[in-house]
Amino acid sequence: MIMPTASEPIRHHHAHPIDFESVREVPDSHAWPDLHDHPTASAQGAAVPVIDLSATATNVLEQLARACESWGAFQVTGHGVPTGLLRRVEAAARGLFALPTNRKLEAARPDDGVSGYGRARISCFFPKLMWSEGFTIAGSPLDHARTLWPDDDPLAFWYVHDARVPTPHVLHHLPRPSNAAEKPCCDTSCSDVIEEYKEEMKQLARKLMRMMLVSLGLTVAEAEGKTGWIGPSEEAGGMSAVLQFNSYPVCPDPDRAMGMAAHTDSTLLTLLFQSNTSGLQVLQVVGDNGRDRTARWVTVPPMPGALIVNVGDLFQILSNGRYRSVVHRAVVSRTSHRVSVAYMCGPPAASKVEPIGKLVGPGCGPVYRPVTWPEYLSVKGKLFDKALASVMRTEVSLERI
Ligand SMILES: C=C1C[C@]23C[C@H]1CC[C@H]2[C@@]12CCC[C@@](C)(C(=O)O1)[C@H]2[C@@H]3C(=O)O
Ligand SMILES: O=C(O)CCC(=O)C(=O)O
Ligand SMILES: [Fe+2]
């Protein structure tokens with residue numbers, strides 16, 4: 001993995017994003033020296049597992065367990081999310097990023113905030129900038145749009161019909177809507193699509209959480225009771241989530257630019273939709289016996305209609321280290337503008353996440369101390385790739401993990 005070279009977060013001085021569309025070469029600010037830190041596995045090599053959730057055949061739980069133990073990531077098919085909705089959410093993402101820069105900057109994420117437009121939060125740990133821009137939505141997309149653009153709401157304004165997206169050229173020349181209520185009559189707005197997508201992802205995330213906990217050896221009742229958040233009644237307020245839209249413009253020299261630097265997600269699970277453009281790579285660690293550790297980047301090929309599931313740091317804590325969060329990154333392309341949408345799912349803010357009692361036994365005590373999601377995010381914001389180790393119980397030897 002490309003190690004962050006900064007121990008202290010860096011404040012990048014380029015407040016304004018570069019104009020990705022017009023640059024003819026990768027500027028020094030975006031040129032990464034060590035993109036080939038590990039070999040990239042050939043297409044014939046091992047691939048991230050694909051799991052069909054609709055399969056009536058029964059070894060789905062075993063497949064999940066194997067995928068989570070050995071990869072920390074897998075693709076799911078048969079998940080029940082309509083392909084039409086996936087197409088519409090991709091169009092919504094493309095529409096958002098196609099907005100003129102000044103409109104996007106109106107929604108810039110404040111320094112101390114979670115939501116808004118800007119570069120990835122982890123950028124401050126790397127000396128070079130990434131070839132991407134992002135849009136983070138915590139809470140309701142509609143409320144969000146209203147707060148960010150109180151006068152006129154581009155999220156509600158740009159209509160998504162049949163996955164057709166206004167091109168940047170058209171967007172520049174469209175009149176700004178004078179009143180968000182004056183919507184062109186048709187279809188649904190971006191924020192409706194996003195709202196609908198969040199709801200579908202929430203159901204799928206709960207189902208996957210339940211299945212993954214059962215695959216660890218819990219009963220369904222235990223899985224629902226232990227965490228409270230995934231039970232049928234949502235008495236503890238259900239899970240919470242952040243929606244992250246990523247955009248990776250075409251790049252004149254993809255071998256020198258990084259779309260999204262290597263990281264693990266600070267979530268329980270992340271459900272990622274990468275549309276039909278390749279870019280996501282996961283780090284496969286081979287021969288991990290302490291000393292002799294080699295790793296390689298494995299591309300996760302786009303599969304029509306599939307979603308990718310990443311095990312996040314909080315699930316690693318919950319499972320007491322049995323399921324590992326996966327190191328992953330996104331590379332860029334010379335020819336395709338790629339977008340991805342990540343549903344980053346965590347527990348309710350007030351809930352403590354800690355190793356599940358049943359998975360902790362004699363000779364295998366709890367490896368991690370209890371943390372809430374906000375606490376963990378704050379630790380991650382300071383320590384980045386050392387965050388998980390820092391919430392280990394001190395009496396547990398580092399060898400164990
Ligand atoms: C709920 C989350 C999870 C965050 C922080 C916070 C809001 C934004 C998320 C992301 C989204 C993009 C990748 C990442 C690595 C980033 O830079 O910002 C994520 C990060 C994390 O998983 O740590
Ligand atoms: O775009 C991708 O494939 C990866 C995005 C990602 O890792 C993230 O949003 O956390
Ligand atoms: Fe990620």
Side-chain angles (χ1 to χ4, degrees), residues 1 4 9 12 48 72-73 75 90 93 97 109-126 129-139 144 201 205 239-249 258-283 297-303 306-316 325-333 336-349 353 371-388:
M1 153 180 198
H12 289 288
V48 168
Q75 305 216 53
E90 177 180 354
F97 289 112
R109 186 181 62 239
D111 272 352
D112 55 350
V114 176
S115 290
Y117 168 77
R119 54 178 70 110
R121 230 175 69 139
I122 55 169
S123 296
C124 60
F125 292 102
F126 298 90
L129 291 169
M130 301 179 199
W131 203 264
S132 58
E133 46 185 334
F135 217 106
T136 311
I137 299 181
H144 193 70
M201 288 299 112
M239 311 233 274
S240 34
V242 170
L243 207 56
Q244 171 75 21
F245 291 86
N246 299 304
S247 162
Y248 306 94
M258 175 74 87
M260 174 83 75
H263 66 279
T264 59
D265 293 341
S266 318
T267 56
L268 282 166
L269 295 182
T270 302
L271 309 189
L272 183 79
F273 173 57
Q274 69 164 339
S275 69
N276 61 359
T277 313
S278 183
L280 177 68
Q281 297 184 329
V282 301
L283 193 68
W297 288 111
V298 177
T299 299
V300 182
M303 278 185 72
L307 292 162
I308 296 149
V309 182
N310 289 342
V311 174
D313 294 345
L314 295 185
F315 205 97
Q316 178 162 334
S325 58
V326 62
V327 175
H328 56 284
R329 68 179 189 178
V331 296
V332 293
S333 140
S336 311
H337 175 188
R338 175 171 180 268
V339 292
S340 71
V341 184
Y343 179 83
M344 316 203 81
C345 156
V353 176
V371 277
T372 65
W373 199 15
E375 267 165 26
Y376 188 73
L377 284 172
S378 145
V379 174
K380 186 82 165 236
K382 294 193 188 90
L383 300 179
F384 188 51
D385 60 343
K386 314 282 184 307
L388 251 182

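In this chain, residues are counted from 1 in sequence order. Side chains included, hydrogens not; waters and symmetry mates left out as well; all remaining heavy atoms used. For ligands, and for the atoms within them, numbers begin at 1 and follow the listed sequence.
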Which ligand 1 atoms are under 4.0 Å away from a heavy-atom of [X]?
X	answer
Ile122	15 (C), 17 (O)
Trp373	1 (C)
Ser266	21 (C), 22 (O), 23 (O)
Ala120	17 (O)

If you compare Arg121, Arg109, Met260 by their heavy atoms, the one closest to atom 16 (C) of ligand 1 turns out to be Arg121
When you measure from atom 3 (O) of ligand 2 to each heavy atom in Met260, Gln281, Arg338, which option holds the nearest one?
Arg338
Taking the side chain as everything from C-beta on, heavy atoms only, tell me whether [X] gets closer than 4.5 Å to [Y].
X	Y	answer
Tyr248	Met260	yes
Val326	Val311	no
Glu133	Arg119	no
Trp373	Thr267	yes
Pro347	Leu314	yes
Tyr376	Pro374	no
Ser340	Leu272	yes
Glu90	Val341	no

Without swapping roles, check the side chain of Gln316 against the backbone of Leu388 for a donor-acceptor pair under 3.5 Å.
no
Check whether Arg338 reaches the backbone of Thr277 with its side chain - one donor and one acceptor, N or O, closer than 3.5 Å.
yes
Closer than 4.0 Å: a protein non-hydrogen atom to atom 20 (C) of ligand 1:
no
Compute the minimum heavy-atom distance from Arg329 to ligand 2 and say whether it is under 4.0 Å.
no
Set of residues satisfying ring-ring contact (aromatic ring centres under 6.0 Å, His included) with respect to Tyr343, sequence neighbours excluded
none
What residue and heavy atom of the protein are closest to [atom], and at what distance?
atom	value
atom 2 (C) of ligand 1	Leu377 CD2, 3.7 Å
atom 15 (C) of ligand 1	His263 CD2, 3.5 Å
atom 7 (C) of ligand 1	Val114 CG1, 3.8 Å
atom 9 (C) of ligand 1	Met344 SD, 3.8 Å
atom 9 (O) of ligand 2	Asn246 ND2, 2.9 Å

Location of contacts on Thr270 toward ligand 2, heavy atoms closer than 4.0 Å
neither
Can you tell which part of Leu272 has a heavy atom less than 4.0 Å from ligand 2: side chain, backbone, both or neither?
side chain
Just the protein N/O/S atoms under 2.8 Å from the Fe ion (ligand 3), please, no waters.
His263 NE2, Asp265 OD1, His328 NE2
Could you label the plane-to-plane angle of the Phe125 and Phe384 rings as parallel, tilted or perpendicular, counting under 30° as parallel and over 60° as perpendicular?
parallel
Compute the minimum heavy-atom distance from Val242 to ligand 1 and say whether it is under 4.0 Å.
yes
Residue [X] vicinity, atoms of ligand 2 by number, heavy atom under 4.0 Å:
X	result
Tyr248	1 (O), 2 (C), 4 (C), 5 (C)
Ala342	9 (O)
His328	7 (O)
Met344	10 (O)

Output, in order, the C-alpha distance, side-chain angles, deciding distance and verdict of side chain to side chain contact (heavy atoms under 4.5 Å, CB included) for Ile308 and Leu280.
CA-CA 10 Å; Ile308 296 149; Leu280 177 68; 3.7 Å; yes
If only side-chain N and O atoms count, and only distance matters, is there a donor-acceptor pair under 3.5 Å linking Thr136 with Gln244?
yes
Would you say the side chains of Asp313 and Thr264 form a donor-acceptor pair under 3.5 Å?
yes
Heavy atoms of Arg121 and Cys124 approach each other most closely as O-SG, 3.5 Å
